[in-house]
Amino acid sequence: MTSRLFSPLVLLLVLAFLIGPFAIIIAASLSAGETLAFPPQGLSLRWVFKVFEIESFRQSFGISMFLAIGGTLMALILGVPASYALSRYKVPGAETIRTIVSSPIIVPGIIVGLALLRYFVVPFNTGILFALFVAHTALILPYAVRVVSASLTNLRSDIEEAAVLLGASRMGAFFRVVLPNIRGGILAAFILGFVTSFNQVPVSLFLSGPGVRTLPIDMLAYMEITYDPSVAALSALLAFMSLGIVFLAERFLGFSRYV
Amino acid sequence: MSDAKFLSLEKLTLSYGKNVAVPEMDLDIGKGELVALLGPSGCGKTTTMRAIAGLLTPSSGSIRLDGVDITRTPANKRPVGLVFQSYALFPHLNVYENVAFGLRLMGVKGNDLDTRVKQGLKTVGLEKFTTRKPAELSGGQQQRVSLARSMVMEPKVLLLDEPLSNLDARLRLEMRTELQRVQKESGVTMIFVTHDQVEALAMADRIIVMKDGLIEQIGTPEQIYNHPVSDFVADFVGFENVFALHNGMLKTGEHEIDLHGTVPAHTRGLAWRPGTITLGSGPYRGKVRGTSFAGGTREYLLDTPLGQIKAECDASLPVHPFGGEVAFDLNVKKAAPLARFGGL
Ligand SMILES: Nc1ncnc2c1ncn2[C@@H]1O[C@H](COP(=O)(O)OP(=O)(O)OP(=O)(O)O)[C@@H](O)[C@H]1O
Ligand SMILES: [Mg+2]
């Protein structure tokens, strides 16, 4: 009897924890006042419009977009063939490779960022944008390999042989029958990678430099100087963007099947 | 090239790493034949099929098809079709596109393509299902699509790996006749794998019995059924009573008895079907260990000096009671003489 009452209560609490911050941020961003506060002082959309006028936000949004899209594409270009090889061929040390590839998920971002800075950016004097691009690709790669591997495991390998016996080359079989059947997994990996990269803080923190910052880093920097609700407004906008992407993905692809 | 050697394997050795699955197989298959490859699990049936299709490179030996050595021809260039046990249909393509897949790769287009795909689907009775995805078909229908997909390519040899094993009993019977019909109508040379002797006997023109990677016997269904050459084949085609023969003594394991009667020279064993063992009279005695009613006949399990024997007689005859003693005869004239026994 108690558990009947208890479980809805727990569910409510969990929901409150999940949705609460989101609701607070939305409320704060609609404030008419000058400082970030909850409950908001009056209602207005002025901070939402203000976001689009802040030059550095526009710039860092562009950079974040570039990193999220470019990094994810790169991770897929590397990750899809890697997953394919791991699932279809007897690669010596496949398990080790799998572990190495997914290690960035286990290792804290701060360490990855520091290591990249110390042993990659500094010694090779790479450009900041390039370093960020490499870092984001590396961060997304494990997700790409995981999600794509999962959909490859569900795909029987005999359909490739069937394609070959019907005249396709090995490569042709990959493009004609493997790729179309893991399309959903690839799109899922893309969305996951995109969101991961876009919300990435610790690694980007170390690698951001003068003039080249990702949006979350820029928001942190902004907040150190100015304490107005535009950051809340931007956060709300970004949350809606992520939500929109996931919603569309679920709607058209059944995204949740792959993650 | 003669028609009798349309497909021939010469000293074909197939291995996985160091393990030899099929050592030095020699085999000739005639044009237009419907051949069954029969054998227990793990005897190398799939391995042989994959080698003929080009999915497995032989470690030595050669494969010739229609006068051409295809040993080194890549799988996608061989005029060989393979129907997989799992059907291996392309899940993202509908029935029509599955069947059109190979033709499109060959460069067949437009009306020609359409005619051939529709003809292929008509052959297997699926004209109405063109827009369905494989997931929306029953097992039997998927099987037919898979068959049509290979048939439209007009292969010189069509291989089928356990084509009926995923179907339920009724569909299996239906597909048996269907496969036979398609084979006879098209005249394609067909080899199908099975470990079901009934299926092989019912469908094939010729049966190849395999054991441990080696061919144990090749023959027509009648030959295999009535004249097995070894204890292995005899056992496989339902001779329940298979005994070794040594200096006029029948043996199983520890048990042995004198054989009354003369046997052909070079006979290493004798095999009786349950129905050929006379019950109620004869020089031997056994104890009834079990009886079961099987419609027209009644089956008996006897404990005898030769070990257990399975006999069968007309159900209308009086029943030999359980635990009672019964006389029986092993008539040499009704036995199948085995030229090989226990691998010798
Ligand atoms: N990929 C493989 N790697 C290593 N050994 C294999 C492989 N495939 C098959 N074998 C071995 O080769 C032998 C023949 O196998 P095969 O699959 O040809 O048997 P089969 O007659 O088709 O059996 P079934 O009736 O169970 O399908 C077996 O001993 C098997 O263990
Ligand atoms: Mg097999």
Side-chain angles (χ1 to χ4, degrees), chain A residues 76 80-81 83-85 87-95 147-191 249-258, chain B residues 16-17 46 49-56 73-94 97-108 117 120 133-135 142 145-162 166:
Chain A
L76 283 172
V80 172
S83 316
Y84 182 74
S87 80
R88 291 293 187 265
Y89 300 103
K90 279 186 197 128
V91 185
E95 265 323 297
V147 177
V148 174
S149 291
S151 50
L152 274 169
T153 317
N154 293 333
L155 188 68
R156 304 184 57 102
S157 59
D158 52 13
I159 64 167
E160 289 162 60
E161 293 184 335
V164 168
L165 288 173
L166 292 168
S169 61
R170 276 273 159 201
M171 191 77 112
F174 178 79
F175 283 105
R176 279 168 206 276
V177 309
V178 178
L179 219 46
N181 282 302
I182 58 167
R183 207 177 41 193
I186 289 177
L187 274 163
F190 184 89
I191 289 161
E250 178 61 46
R251 181 75 211 281
F252 294 109
L253 299 167
F255 177 65
S256 47
R257 270 186 297 151
Y258 300 98
Chain B
Y16 295 100
T46 299
M49 291 283 145
R50 291 175 62 83
I52 298 172
L55 295 173
L56 181 71
T73 310
N76 57 353
K77 300 270 179 350
R78 289 190 191 189
V80 176
L82 174 62
V83 173
F84 290 78
Q85 183 176 358
S86 58
Y87 319 136
L89 296 179
F90 307 128
H92 64 298
L93 299 177
N94 64 25
E97 286 304 321
N98 260 282
V99 177
F101 188 90
L103 293 173
R104 284 193 198 280
L105 284 174
M106 264 190 335
V108 181
V117 171
K133 288 280 178 69
Q142 292 185 36
V145 177
S146 181
L147 182 62
R149 185 176 69 176
S150 292
M151 287 295 293
V152 293
M153 301 297 288
E154 295 171 6
K156 289 186 172 167
V157 176
L158 183 60
L159 311 171
L160 303 105
D161 196 353
E162 308 210 19
N166 279 349

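Residue numbers begin at 1 in each chain, while the letters A, B, ... track the order of the sequences.
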Passes side-chain contact (heavy atoms from CB on, under 4.5 Å), B:Leu158 versus B:Val83? Steps please.
CA-CA 8 Å; B:Leu158 183 60; B:Val83 173; 4.3 Å; yes
Verdict with supporting geometry, B:Thr46 and B:Gln85, side-chain contact (heavy atoms from CB on, under 4.5 Å)
CA-CA 10 Å; B:Thr46 299; B:Gln85 183 176 358; 5.9 Å; no
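- Chain A forms more heavy-atom pairs under 4.5 Å with one residue of B:Ser146, B:Gly81, B:Pro91 than with any other, namely B:Pro91.
- No side-chain donor-acceptor contact under 3.5 Å links B:Asn76 to the backbone of A:Val164.
- With a 4.5 angstrom heavy-atom cutoff, A:Ala173 does not touch chain B via any of its atoms.
- Looking at B:Arg149, both its backbone and its side chain come within 4.5 Å of chain A, counting heavy atoms on both sides.
- Ranked by heavy-atom pairs shorter than 4.5 Å toward chain A, the options B:Pro155, B:Ser150, B:Ala88, B:Gly54 are led by B:Ala88.
- For the pair A:Arg88 and A:Phe174, the NZ or CZ position fails the cation-pi test of under 6.0 Å to the six-membered ring centre and within 45 degrees of the ring normal.
- Using cut-offs of 30° and 60° for the angle between ring planes, the A:Tyr89 and A:Tyr84 rings count as perpendicular.
- Of the listed residues (B:Pro74, B:Ser86, B:Ala53), the greatest number of heavy-atom pairs within a distance under 4.5 Å of chain A belongs to B:Ser86.
- Of the options B:Glu154, B:Lys156, B:Met153, a side-chain contact (heavy atoms from CB on, under 4.5 Å) to B:Pro79 is made by B:Lys156 and by none of the others.
- Interface remark: A:Ser169 contributes backbone and side-chain atoms alike to the contact with chain B (heavy atom separation under 4.5 Å).
- Looking at B:Leu89, only its backbone comes within 4.5 Å of chain A, counting heavy atoms on both sides.
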